[in-house]
Number of protein chains: 2
Amino acid sequence: MPDPMYRRIADDLRDKIESGELAHGSQLPTELELRERYDASRNTVRDAIKWLITRGLVETRPGQGTFVVEKIEPYITVLTGEASESAGEGDIYIQEVTAKRRVPKATDPRVEIQAAAGVVLEDLQVEPKSQVVSRHQQRFIDGIPFSLQTSFYPMGLVERGALRLIQAPDIAEGTVAYLRKELGLSQVGYRDKIRVRAPDANESAFFRLPDDGRVAVFEVRRTAFDEEGDPIRLTISIYPADRNQFTVTVGKVPDEIPAEPDVTSDQAQGAGRTG
Amino acid sequence: MPDPMYRRIADDLRDKIESGELAHGSQLPTELELRERYDASRNTVRDAIKWLITRGLVETRPGQGTFVVEKIEPYITVLTGEASESAGEGDIYIQEVTAKRRVPKATDPRVEIQAAAGVVLEDLQVEPKSQVVSRHQQRFIDGIPFSLQTSFYPMGLVERGALRLIQAPDIAEGTVAYLRKELGLSQVGYRDKIRVRAPDANESAFFRLPDDGRVAVFEVRRTAFDEEGDPIRLTISIYPADRNQFTVTVGKVPDEIPAEPDVTSDQAQGAGRTG
DNA sequence: GGGTATTTGTCCGTATGTATT
DNA sequence: AAATACATACGGACAAATACC
């Protein structure tokens with residue numbers, strides 16, 4: 001009596017999914033079948049399915065049917081490392097990913113020169129209207145879109161001699177090592193800011209996210225600093241939130257045991273009395 | 001011709017929101033007015049509004065109307081700190097929050113003894129079916145729900161003498177300091193795992209999230225280790241993803257200038273050619 | 001390639017319920 | 001109590017995508 005019908009239908013289907021009665025990837029009954037089974041109109045059944053869609057439990061394929069979404073094994077990215085070694089672009093990424101026997105790939109950076117604006121201006125602490133070098137890459141793992149990454153460098157670095165920042169599409173040794181060798185600039189630390197937001201159109205297209213905007217993306221902004229405490233680089237990385245997680249370690253921490261990932265059976269946090 | 005009508009209506013309204021023509025917090029025309037303006041049926045107008053809702057651009061209030069959502073100023077939580085000082089519960093949180101002239105509050109921990117399961121079992125590396133102490137807190141800032149936090153401790157710590165883990169609702173000096181004093185156990189490091197997921201019913205209720213599940217939550221799992229590399233604590237913290245972000249610092253990093261947060265005018269990452 | 005059946009997507013109209021002012 | 005505005009539910013019609021023969 002209390003809940004509207006479309007919610008009761010959705011709850012019933014959700015239970016069948018979570019209990020395993022409807023397996024991952026399997027097809028739900030068609031809208032017409034559900035309409036008969038629950039004695040509701042097709043539109044009401046569709047409202048129930050929409051409710052499940054916004055929760056990421058099912059997906060619809062026109063002409064085919066409605067399916068329980070596949071379980072996704074998350075990629076894990078470690079944000080902490082040696083302060084002086086975090087590669088400006090792709091370096092550690094390549095090592096870490098190959099270590100897991102996956103095949104990483106990244107497009108050659110697309111190099112642009114832009115006027116600093118917004119967060120680039122803030123985080124890089126450059127003058128308004130000053131110019132920055134932007135190096136943009138698409139990164140893949142096993143051929144699957146993994147992340148979009150754009151690094152920004154103050155134009156002053158180029159003027160001081162780091163010409164390859166704007167010339168070479170690829171800087172094999174990593175831009176951090178290159179800047180140290182070329183300018184004697186050491187990266188001594190960095191700050192990451194992590195947030196999630198809705199993807200823009202480009203990101204949705206690249207990651208092939210459903211265009212209904214329910215899958216968010218991580219935005220990780222890494223500002224790197226030299227010994228004087230001046231920012232030398234801002235790297236913005238975008239990852240789909242439904243298949244990525246991040247790890248941060250502080251102090252002395254044992255290596256992680258490669259526990260076989262399995263059930264989502266989270267420990268109950270208690271019967272939430274919000275009082 | 002290309003896009004369905006409800007999408008054209010939604011796009012038009014979105015443009016008006018993003019251009020500022022419809023200000024944050026302002027009311028949209030009613031469904032009946034929109035029906036006339038766009039020469040569509042009320043159901044089609046409602047489809048357009050649903051599309052905007054799932055993207056978090058507008059919200060509906062029964063009996064009142066449809067409104068552009070308010071901009072939210074995010075809370076910032078720093079994940080990195082002194083390895084030996086991260087308070088088990090609330091300690092640093094209280095300091096950091098008061099430093100920003102906000103009023104933090106936390107409920108007394110609700111203490112339970114549970115059988116370890118799922119991630120608790122994995123991260124705490126205890127035997128299956130062994131028991132753990134669970135200490136659950138609700139935390140507020142300026143009276144607004146801020147986070148849900150549950151810390152799990154192996155029962156062995158209690159057996160070795162840390163009785164206040166199960167006795168005292170409040171451990172004023174922080175559980176990390178308490179364990180060091182009582183058992184000589186030092187926390188020498190911790191590992192955080194960060195992911196986002198849909199909220200469960202308890203979380204939605206506590207944070208007053210719209211029950212349509214479009215606002216995700218951050219889940220931060222912190223496993224703390226002693227000098228032997230054994231896990232001594234697992235703390236799971238939940239934060240609404242629409243109003244929180246996290247900061248991680250590595251190496252030598254200058255203090256952050258308290259830049260006045262403003263426009264979302266992100267630097268363009270380029271005209272996403274996915275080729 | 002074409003044709004047909006199936007399935008979901010869009011759009012309409014209407015009626016009634018519920019929350020707010 | 002009345003008016004307003006959104007929420008739920010019904011029904012029908014046609015379009016678009018897909019699969020299969």
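First the proteins, then the strands, lettered A, B, ... as listed; each starts at 1.
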Student: Would you tell me whether S147(B) and R139(B) have side-chain atoms, one donor and one acceptor, within less than 3.5 Å of each other?
Tutor: yes
Student: Check for me whether R61(A) meets the cation-pi criterion with F67(A), that is, NZ or CZ under 6.0 Å from the six-membered ring centre and within 45 degrees of the ring axis.
Tutor: yes
Student: In whole Å, what is the span from the CZ atom of R7(B) to the C1' atom of dT10(C)?
Tutor: 13 Å
Student: Rounded to the nearest Å, what distance is computed from the CZ atom of residue R35(B) to the C1' atom of nucleotide dT14(C)?
Tutor: 12 Å
Student: E59(B) versus I53(B): any side-chain heavy-atom pair under 4.5 Å?
Tutor: no
Student: Report the nucleotide, chosen from dC6(D), dT8(C), dG11(D), that has the shortest atom-to-atom distance to any side-chain atom of E31(B).
Tutor: dC6(D)
Student: Could you tell me whether R35(B) and E33(B) make a salt bridge, using a distance below 4.0 angstrom between a side-chain N and a carboxylate O?
Tutor: no
Student: Classify every nucleotide of nucleotides 13-21 of chain D by which part a protein heavy atom approaches to under 4.0 Å, writing B for the base, S for the sugar-phosphate alone and - for neither, in 5'-to-3' order.
Tutor: B---BSS--
Student: So how far off straight is the helix from dG2(C)-dC21(D) to dT21(C)-dA2(D), going by the axes through five pairs at either end, to 10°?
Tutor: 20°
Student: In terms of relative ring orientation, are Y75(A) and F146(A) parallel, tilted or perpendicular, with 30° and 60° separating the classes?
Tutor: perpendicular
Student: At under 4.0 Å, does any side-chain N or O of T66(A) touch on OP1 or OP2 of dT8(C)?
Tutor: yes
Student: Check this for me: does any side-chain nitrogen of one of K193(B) and D123(B) sit under 4.0 Å from a carboxylate oxygen of the other?
Tutor: yes
Student: Within residues 43-50 of chain B, which residues have any heavy atom lying less than 4.0 Å from an atom of DNA chain C?
Tutor: N43(B), T44(B)
Student: Return no unless some side-chain N or O of T30(A) is found under 4.0 Å from OP1 or OP2 of dT6(C).
Tutor: no
